[in-house]
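Comments concern the structure below.
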Amino acid sequence: MHRMRSRVWGALGVALLGCCGPLEGEALEELGTQEAGVAALAPKKVMPKVMPLGDSITQGAAGHASYRCQLWQKLTASGYRADFVGTLSTGYLGANTCSSVWFDRDHEGHWSWRTDQVLANISNWAASTHPDLVLIHLGTNDTYHDQTEDSTVLELEQIIDRLRVVNPRVKVFLAQVIPTSGAMLALKLQSLNQRMPLLAAAKSTEDSPVYVVDQWTGFNPSTDTYDGVHPNLIGEEKMAERWYQAIREHL
């Protein structure tokens with residue numbers, strides 16, 4: 001009797017499908033998975049974890065949005081999904097301003113920090129957040145404090161190494177940093193930037209590529225910063241666009 005009932009309901013189901021036309025895609029998928037005896041809900045794709053890593057240019061001050069806001073807007077407007085990660089969630093001395101209600105505020109930007117200071121902490125930060133993509137904008141404060149290019153480059157290499165201890169497949173996006181209004185400091189930053197492609201080529205692997213992101217070209221400290229160093233809305237937009245173009249294919 002049970003077998004006969006199953007045949008009757010099965011035949012009725014086929015007839016109903018035949019008379020009423022195809023179901024919507026989701027309904028068909030659910031019907032198929034139920035008939036196969038598996039869960040109806042397909043596993044969701046895990047959002048890549050993106051760590052904005054740097055100094056004050058990454059953190060942004062209270063009352064300023066930071067490039068992270070406009071990068072978030074670009075990603076979400078284009079349908080990309082990402083989880084910004086970091087142990088901080090505010091700007092320097094207060095909250096960042098951002099018009100996006102769902103702006104993911106997590107980051108690892110530390111006001112006035114040098115590369116060696118970031119290096120001393122990156123292992124703990126990475127272990128607690130497990131980033132998949134890391135956006136590195138570092139070197140500005142090294143130049144201000146007369147650190148040598150060699151030491152900064154070595155520290156950047158070591159940061160990459162320590163990120164890979166936590167995630168051997170981490171993708172690193174290494175900025176050629178934005179210029180400043182001080183002529184001598186800008187020349188030093190430009191010289192440091194010229195070493196980034198060689199650094200990236202030396203450290204890049206198939207599993208953990210390192211990409212250079214040119215934040216220098218086209219950035220004007222006179223019009224794109226509010227103090228000769230930190231981006232205003234125009235500068236934040238320029239930085240966000242460069243990051244966006246670099247990472248969107250990897251999300």
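In this structure, the side chain of T76 engages the main chain of W72 through a donor-acceptor pair within 3.5 Å. Between the S100 side chain and the F103 main chain, no donor and acceptor come within less than 3.5 Å of each other. When atom types are taken as modelled, the side chain of S208 and the backbone of S204 share no donor-acceptor pair closer than 3.5 angstrom. Under the 3.5 Å distance criterion, the side-chain polar atoms of D142 are left unmatched by any main-chain donor or acceptor of T152. Checked by atom type and distance alone, the side chain of Q70 pairs as donor or acceptor with a backbone atom of L233 at under 3.5 Å. Judged purely by atom type and a 3.5 angstrom limit, N167 has no side-chain atom pairing as donor or acceptor with the backbone of L163.
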Worksheet item: Does the pair L119 and L156 meet the rule for a side chain to side chain contact (heavy atoms under 4.5 Å, CB included), with working shown?
Response: CA-CA 8 Å; L119 173 62; L156 288 169; over 6 Å; no

Item to complete: Test side-chain hydrogen bond (donor to acceptor under 3.5 Å, both in side chains) on S151 and T148 and set out the steps.
Response: CA-CA 5 Å; S151 66; T148 67; 3.1 Å; yes

Practice prompt. Determine, stepwise, if the pair T140 / D55 fulfils side chain to side chain contact (heavy atoms under 4.5 Å, CB included).
Written response: CA-CA 8 Å; T140 305; D55 50 35; 3.9 Å; yes

Discussion item. Salt bridge (Lys or Arg N to Asp or Glu O under 4.0 Å) for D132 and K171? Distances and angles first, verdict last.
Written reply: CA-CA 6 Å; D132 300 301; K171 296 179 180 178; over 6 Å; no

Discussion item. D161 vs K203, test: salt bridge (Lys or Arg N to Asp or Glu O under 4.0 Å). Steps then yes/no.
Written reply: CA-CA 9 Å; D161 290 338; K203 297 299 294 182; 2.6 Å; yes

Discussion item. Quick one, Q194 with Q190, criterion side-chain hydrogen bond (donor to acceptor under 3.5 Å, both in side chains). Give me CA distance, side-chain angles, the key distance, then yes/no.
Written reply: CA-CA 6 Å; Q194 290 171 350; Q190 188 175 29; 5.3 Å; no

Practice prompt. Show your reasoning for whether side-chain hydrogen bond (donor to acceptor under 3.5 Å, both in side chains) applies to S66 and N96.
Written response: CA-CA 7 Å; S66 86; N96 294 120; 4.6 Å; no

Discussion item. The test is side chain to side chain contact (heavy atoms under 4.5 Å, CB included); show your working for I159 and T115 and say whether it passes.
Written reply: CA-CA 9 Å; I159 286 172; T115 306; 3.8 Å; yes

Discussion item. I'd like to know whether K74 forms a salt bridge (Lys or Arg N to Asp or Glu O under 4.0 Å) with E237, so could you lay out the CA-CA distance, the side-chain angles of the two residues, the decisive distance to 0.1 Å, and finally the verdict.
Written reply: CA-CA 10 Å; K74 289 175 183 292; E237 162 63 25; 2.9 Å; yes

Practice prompt. Walk me through it: do Q215 and V177 pass the test side chain to side chain contact (heavy atoms under 4.5 Å, CB included)?
Written response: CA-CA 5 Å; Q215 294 285 3; V177 299; over 6 Å; no

Discussion item. side-chain hydrogen bond (donor to acceptor under 3.5 Å, both in side chains) for R248 and Q245? Distances and angles first, verdict last.
Written reply: CA-CA 6 Å; R248 62 192 180 114; Q245 294 298 335; 3.1 Å; yes

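Ring planes of Y211 and F173: parallel class, angle under 30° (limits at 30 and 60°).
Scanning both residues, T87 and S128, for their nearest heavy atoms gives CG2-OG, 3.8 Å. Taking both residues in full, the closest heavy atoms of W111 and G60 are given as CZ3-C, 3.9 Å, listed atom of the first, atom of the second, then distance. Residues P179 and F219 share a closest heavy-atom pair of CG-O, 3.3 Å. Taking both residues in full, the closest heavy atoms of M196 and A175 are given as CG-O, 4.0 Å, listed atom of the first, atom of the second, then distance. The two residues R162 and S123 make their nearest non-hydrogen contact at CD-OG, 3.4 Å. Between D224 and G218, the closest heavy-atom pair is OD2-O, 3.9 Å.
Both I247 and Y67 are members of a single hydrophobic cluster when ILVMFWY side chains are connected at heavy-atom separations under 4.5 Å. Residues L192 and I136 are members of one and the same hydrophobic cluster, defined by side-chain heavy-atom contacts under 4.5 angstrom among Ile, Leu, Val, Met, Phe, Trp and Tyr. Neither I57 nor V212 shares a network with the other; the hydrophobic side chains, linked directly or stepwise wherever heavy atoms of I, L, V, M, F, W or Y lie under 4.5 Å apart, form separate groups for each. There is a path of hydrophobic side-chain contacts, each under 4.5 Å, that joins W243 to V50. Linking Ile, Leu, Val, Met, Phe, Trp and Tyr residues whenever their side-chain heavy atoms come within less than 4.5 Å leaves V210 and L135 in two separate clusters.
Applying the ring pair (Phe, Tyr, Trp, His ring centres under 6.0 Å) definition to pairs two or more places apart or across chains, none involves residues 127-161. Pairs of residues two or more places apart, or lying in two chains, that qualify as salt bridge (charged side-chain N to carboxylate O under 4.0 Å, His left out) and include a residue from residues 175-196 are D146-K188, E149-R195, D150-R195.
Within the 4.5 Å cutoff, the side chain of K238 has no heavy atoms near those of the P231 side chain. Looking at heavy atoms from C-beta onward, M51 lies out of side-chain contact with L133 at the 4.5 angstrom threshold. By the 4.5 Å heavy-atom criterion applied to side chains, H107 and F84 are not counted as neighbours.
In this structure, CG on L189 lies 9.0 Å from CD1 on I178, to the nearest 0.5 angstrom. Rounding to the nearest 0.5 Å gives a distance of 11.0 Å between CG of L199 and CD of Q176. Note that the OG atom of S89 and the CG atom of D106 stand 6.0 Å from one another [nearest 0.5 Å]. Remark: E108 CD to T129 OG1 distance equals 6.5 Å, nearest 0.5 Å. Atom-to-atom distance recorded for T90:OG1 and L88:CG is 6.5 Å, nearest 0.5 angstrom. For the atom pair CD (Q73) and CZ (R68), the distance works out to 12.0 Å, reported to the nearest 0.5 Å.
Proximity of the aromatic rings of Y92 and H64 is defined here by a centroid distance below 6.0 angstrom, and this criterion is not met.
Between L138 and the choices L174, D116, V118, the side-chain contact (heavy atoms from CB on, under 4.5 Å) rule is met once, by V118.
With sequence neighbours excluded, the residues that form a ring-ring contact (aromatic ring centres under 6.0 Å, His included) with H110 are W113, W125.
Under a cut-off of 6.0 angstrom, the local environment of CZ in R169 is sparse, with at most 12 non-hydrogen atoms contributed by other residues, nucleotides or ligands.
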